[in-house]
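Below is one structure, written out as structure tokens, with a few remarks after it.
The chains referred to below are lettered A, B, ... by the order of the sequence lines, with proteins before strands, and numbering in each begins at 1.
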Amino acid sequence: MPTATKEDGFVVFDHVQKSYDGEILVVKDLNLFIGQGEFLTMLGPSGSGKTTCLMMLAGFETATHGDILLGGKPINNIPPHKRGIGMVFQNYALFPHMTVAENLSFPLEVRGQGKSEREANVMKALDMVQMGEFGGRRPAQLSGGQQQRIALARALVFEPELVLMDEPLGALDKQLREHMQYEIKHIHERLGVTVVYVTHDQSEALTMSDRIAVFDDGIIQQLATPDDLYERPDNAFVAQFIGENNTLNGTVKAIKDGIATVDFGDGTLGEALAVNCAGVGSETTLSIRPERVDIGKESGPNAVPAKVLELIYLGDHIRCRMNVMGNDQFVVKVPNAAGHKHLVVGETTKVSWNSEDCRALD
Amino acid sequence: MSDTTQTGPVLAADGTPLKRSLQRALRREKLRALLLIAPLLIFVLVTFIAPIADMLFRSVENDIVADTLPKTVVALKSWDFHSGEAPGEAVFAALAADLQVAVEAKTHTRLGSRLNYEKTGISSLFRKSGRKVKKWDLASDAPFREKFIKIDKDWGDVDVWRVIQTYSGKYTNGYFLNAIDMEKGPNGPQWRDESQQIYLMLLKRTMFLSITITLSCLLLGYPVAWLLSNIPMRTSNLLMILVLLPFWTSLLVRTSAWKVLLQQQGVINDVLVWVGLVADDNRLVMINNQFGTIIAMTHILLPFMILPLFSVMRTIPPTYLRAAKSLGATNWTAFWRVYFPQSIPGIGAGSILVFILSIGYYITPELVGGTTGVFISNRIAYHISSSLNWGLGAALGSILLLLVLVLYWLYDRIVGIDNVKLG
């Protein structure tokens with residue numbers, strides 16, 4: 001998905017700010033351009049401002065400052081019911097006093113569609129989520145997963161160009177959640193509708209999204225595709241938040257050709273990509289994924305001593321917790337391949353990495 | 001041991017049937033549960049069920065005539081009032097005998113007042129006759145017919161005898177007929193004289209006023225309950241205290257306050273006159289009529305509407321309204337199609353509560369209702385404490401009870417009693 005710009009963005013947040021109490025900014029200067037047909041996820045811990053952004057887009061909250069544009073038109077002053085945005089709520093918000101079919105028919109009814117047309121559209125939407133036989137049931141008679149499908153169908157039945165989803169899978173169990181992730185992804189691909197999805201679950205975001213906006217403290221920390229986000233995090237927060245991550249603290253000794261040489265404090269040196277670190281002499285945090293660490297290589301520029309603290313057998317790999325340079329939460333995944341190194345708790349060995357796999361961040 | 005071939009009941013380990021064993025095990029638990037609720041059960045039986053049963057019984061009970069005048073009642077059986085003449089000597093002889101016993105026991109005056117409800121004048125007739133009959137000698141003073149008529153010519157009145165004959169049974173439907181403005185005439189039940197009809201009108205008025213009060217409570221209470229359930233907890237608790245404040249003030253004080261406000265020289269009229277909306281010689285009459293009753297009772301019963309509404313509305317998540325709006329519904333459509341249907345259980349509970357409370361309300365209509373704003377309950381109170389016609393009071397009370405039950409049943413049929421939520 002090509003990155004949208006301010007000009008061709010289907011949804012545009014232009015210097016948007018939001019404060020509830022006039023003292024604290026929940027959303028600080030948000031600039032975000034979402035392309036038509038894109039699946040964009042707002043990912044972040046609770047309180048990071050992602051839901052507020054979604055509610056501003058839906059029209060249930062007003063922006064304190066800045067413009068929100070939909071299809072090129074500012075929508076700040078358009079009430080929610082005229083925005084034509086489909087929305088899936090966290091707890092589905094299916095109307096309990098209506099049947100499933102009546103729930104789906106509701107948005108068509110308020111748009112003045114005729115009865116036969118309505119019925120056809122409702123049937124089509126139900127079929128889309130494979131719930132064709134459940135039209136006569138009440139929401140309370142459905143399981144969580146089925147309610148989720150109905151909520152999805154209801155948000156799509158009036159064919160909006162933009163659908164917002166506010167942690168829609170939060171209430172489902174793990175297996176169903178994963179299944180629904182694929183289903184939502186497929187529906188998105190089939191319909192080509194633009195989706196803005198809010199979640200705090202990083203695996204959900206990685207599975208489904210074209211692009212992910214990582215929120216923290218009211219700011220987008222990084223906006224990138226899932227693989228970029230995982231492999232090339234811009235800062236320590238993103239590196240920590242997405243996937244598993246080992247950190248090592250040190251001082252920058254030298255920077256040469258984009259590679260920083262870092263002193264871990266006791267004279268031991270290591271190399272890393274200088275991504276987001278200040279000049280020589282400044283503090284930095286090295287970030288490296290557990291699966292990119294080698295164990296047992298005695299020499300090389302990045303070989304540092306490590307003491308094995310804990311071994312957890314996980315079938316396809318062994319999870320090894322070690323103490324490296326004072327960090328006793330340093331995790332290495334040792335593949336359970338033929339001839340892999342057998343470690344013993346308490347043993348001291350060496351860990352090493354490729355300089356390109358390690359990132360020196362703020 | 002092979003239990004597999006056994007077809008009889010399943011046995012417990014000690015050989016007794018499992019069912020009996022289970023019952024025995026549960027009996028003690030049940031007994032203990034019963035003991036725990038026994039005080040309440042006895043209280044309810046004594047203070048609620050028993051009075052209602054007594055009321056129902058009193059509304060048809062009528063053994064005073066047969067008990068006080070046993071011989072007369074027997075002798076009167078063969079008399080036919082269509083003959084147009086007072087009964088013969090045999091009946092009067094029996095009456096003399098009965099009255100002598102009754103005077104001794106001083107029960108003849110009570111009988112007199114009882115029959116006076118059916119025909120005015122009988123009370124004094126019995127009292128007067130009682131004094132004279134006391135001195136008669138039953139053996140030698142016969143015949144008694146002329147003597148009685150000499151005491152009071154009413155004894156020769158066919159109608160007096162007809163009333164005695166009509167009410168000589170142990171039970172009567174007379175009170176109920178009375179309660180719906182009918183009486184036992186010579187040819188079966190008949191409508192009372194127009195000028196004496198009051199109860200049907202009172203019943204209709206009670207229904208009308210109760211419905212009006214319920215509706216105005218709903219109209220006023222719904223927005224308040226909505227507000228309470230949609231503001232932050234701390235503010236809503238504060239406002240809730242304001243809603244409950246009337247509960248903590250004496251009913252009499254509140255009703256009197258309305259008197260101060262609404263009377264012709266009262267605050268509201270004074271203000272209206274001062275502003276110039278109302279002429280000084282044409283002040284509004286807002287109290288001692290139906291208007292006063294409606295205002296004061298709406299105020300008093302409002303919390304009973306707000307509380308169930310609030311407890312139901314609090315459970316309706318605001319996301320429903322948001323969902324409706326996101327689906328394209330205007331504020332009004334979202335409210336009417338999505339919010340309102342979900343608040344119906346609260347409306348039902350509040351309306352039933354307010355209606356049933358107001359249909360039997362007594363003190364407020366008494367104080368601010370004047371003559372046009374009184375309820376059937378004020379009439380019942382009158383019969384219980386002033387006219388002492390307890391039978392009629394009981395009959396009116398029974399009708400009221402029946403009415404409430406019928407309405408309750410209707411409500412269950414239309415809305416469904418499961419749809420009532422009090423909290």
Side-chain angles (χ1 to χ4, degrees), chain A residues 20-21 51 54-55 57-61 78-99 102-113 122 125 138-140 147 150-160 162-168 171 196, chain B residues 218 222 225-227 229-236 308-351 411-423:
Chain A
Y20 287 105
D21 53 5
T51 300
L54 197 76
M55 288 304 165
L57 186 50
F60 299 124
E61 300 287 354
I78 299 179
H81 67 270
K82 287 192 180 147
R83 296 193 180 190
I85 299 173
M87 186 149 180
V88 182
F89 291 84
Q90 199 165 6
N91 295 314
Y92 319 135
L94 295 174
F95 307 139
H97 58 291
M98 299 183 187
T99 64
E102 283 166 348
N103 260 287
L104 261 67
S105 172
F106 182 80
L108 307 175
E109 226 171 291
V110 298
R111 283 176 171 72
Q113 272 193 14
V122 167
R138 300 243 167 203
Q147 290 185 34
I150 298 304
L152 190 62
R154 191 180 64 174
L156 291 166
V157 70
F158 58 99
E159 293 172 351
L162 175 62
V163 176
L164 312 181
M165 302 193 189
D166 183 12
E167 308 212 12
V196 178
Chain B
L218 181 61
Y222 199 93
W226 188 84
L227 182 74
S229 54
N230 280 289
I231 53 179
M233 201 64 171
R234 208 199 300 178
T235 334
S236 83
L309 273 176
F310 170 65
S311 75
V312 168
M313 285 180 180
R314 207 178 31 178
T315 62
I316 306 174
T319 40
Y320 285 131
L321 275 183
R322 287 189 164 186
K325 284 183 207 168
S326 83
L327 293 171
T330 57
N331 285 339
W332 169 251
T333 316
F335 166 77
W336 183 245
R337 293 281 313 274
V338 174
Y339 195 84
F340 181 78
Q342 295 186 63
S343 67
I344 282 179
I347 297 178
S351 300
Y411 183 88
D412 186 31
R413 289 294 301 272
I414 297 167
V415 183
I417 219 67
D418 309 337
N419 268 334
V420 167
K421 258 198 236 163
L422 283 174

Go through A:Met98, A:Met55, A:Arg154 and name the one with the most non-hydrogen pairs under 4.5 angstrom from chain B.
A:Arg154

Between B:Pro341 and A:His97, what is the shortest heavy-atom contact and its length?
CB-CD2, 3.3 Å

Portion of A:Arg83 that has a non-hydrogen atom of chain B nearer than 4.5 angstrom:
neither

Rounded to the nearest 0.5 angstrom, the CZ-CD distance for B:Arg337 and A:Glu102 is 8.0 Å

Proximity breakdown for A:Leu94 and chain B, heavy-atom pairs closer than 4.5 Å:
backbone

I need the minimum non-hydrogen distance between B:Tyr320 and A:Phe95, along with the two atoms involved.
O-CE2, 3.5 Å

In terms of heavy-atom contacts, A:Phe89 and B:Ala323 come closest through CE1-CA, 3.3 Å

Counting C-beta onward and ignoring hydrogens, is there a side-chain heavy-atom pair between B:Gln342 and A:Pro96 closer than 4.5 Å?
yes

Under 4.5 Å from a heavy atom of chain B, the part of A:Glu109 involved:
side chain

Considering non-hydrogen atoms only, spot the tightest contact between A:Val110 and B:Leu327 and give its length.
CG2-O, 3.7 Å

Under 4.5 Å to a heavy atom of chain B? For A:Phe60 that would be both

Using modelled atom types only, decide if a donor and an acceptor are shared between the side chain of A:His81 and the backbone of B:Ala324 within a distance under 3.5 Å.
no

